[in-house]
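Below is one structure; the comments refer to it alone.
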Amino acid sequence: MKIDIPKVLATVDLGEYAPELKGKFLCVWVNLPADVLTEHFLLAAKVKADDPNAYVELLNWYAQIWSQGTAETHWTLDELRELEQRDASFLSWMISATWSKYAEHKSFKKKA
């Protein structure tokens, strides 16, 4: 039996970061294939090893993970770089929220 598994997307209410952002959402792809996860871990290792291009590649990876929903939820590398300049802690929070949603999806609890 062949099963076609679609991309599963979860939303994060950005109002959890700051009340001023309530009603705006981050769309996160949470059922990542093994090769996409492997790419992340390889990029993260390159960042840790101070590879000069790895951080930009990692930001681009997140831009792809956050650009699977409707067009208005898509992110570009340039937008993430600008966001980082304006509020680096918000970008860190978005990354943390992404992995929280991934872990929530991956948990063995029955999904409602």
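Note that the structure is predicted; figures quoted are calculated from it, not measured.
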Please state whether the rings of Y62 and W66 are parallel, tilted or perpendicular, taking 30° and 60° as the class boundaries. tilted
Report yes or no: do I95 and F25 belong to one cluster of Ile/Leu/Val/Met/Phe/Trp/Tyr joined by side chain heavy-atom distances under 4.5 Å? no
Would you say N31's side chain and P6's backbone share a donor-acceptor pair under 3.5 angstrom? yes
A side-chain contact here means heavy atoms from C-beta on lying under 4.5 Å apart; do E79 and T76 qualify? yes
S100 side chain vs S96 backbone, donor-acceptor pair below 3.5 Å: yes
Should K101 and T11 count as side-chain neighbours, where that means a heavy-atom distance under 4.5 Å? no
Does a side-chain heavy-atom distance below 4.5 Å link L58 with K46? no
Kindly indicate, with the supporting measurements, whether the criterion side chain to side chain contact (heavy atoms under 4.5 Å, CB included) is fulfilled by W93 and V12. CA-CA 11 Å; W93 180 86; V12 176; 3.6 Å; yes
Rounding to 0.5 Å, atoms CZ (R86) and CG (L83) come to a distance of 6.5 Å
Please report the interatomic distance CG(L91) to CH2(W75), rounded to the nearest 0.5 Å. 8.5 Å
In the single-linkage hydrophobic clustering (I, L, V, M, F, W, Y; side-chain heavy atoms under 4.5 Å), do I5 and L37 co-cluster? no
Considering only heavy atoms from C-beta outward, does the side chain of W99 approach that of H40 to under 4.5 Å? yes
Residue pair L59 / R81: nearest heavy atoms and the distance that separates them: CD1-CD, 3.3 Å
Heavy-atom side-chain contact between T38 and L42 under 4.5 Å: yes
Could you tabulate the donor-acceptor pairs under 3.5 Å formed by side-chain atoms of residues 14-21, not counting sequence neighbours?
unit_1, atom_1, unit_2, atom_2, d
Y17, OH, D87, OD1, 3.2
Y17, OH, D87, OD2, 2.8
Y17, OH, S89, OG, 2.9

Do the side chains of Q64 and V36 get nearer than 4.5 Å, heavy atoms only? no
Establish, yes or no, whether a centroid distance under 6.0 Å links the rings of W29 and H105. no
Is the closest side-chain heavy-atom distance between E82 and Q85 below 4.5 Å? no
Minimum heavy-atom distance between G23 and D13, given as atom pair plus value: N-OD1, 3.5 Å
What I'd like to find out is whether the side chain of L26 reaches to under 4.5 Å of the side chain of T98, using heavy atoms alone. yes
Side chain to side chain contact (heavy atoms under 4.5 Å, CB included) involving T73 - partner list, sequence neighbours excluded: C27, T70
Take V30 and L9 through the side chain to side chain contact (heavy atoms under 4.5 Å, CB included) test and state the conclusion after the steps. CA-CA 6 Å; V30 292; L9 306 176; over 6 Å; no
Once side-chain hydrogen bond (donor to acceptor under 3.5 Å, both in side chains) is applied, do any residues pair with H74, and if so which ones, sequence neighbours excluded? none
Rounded distance [0.5 Å steps], CH2 in W61 versus CG in L32: 5.5 Å
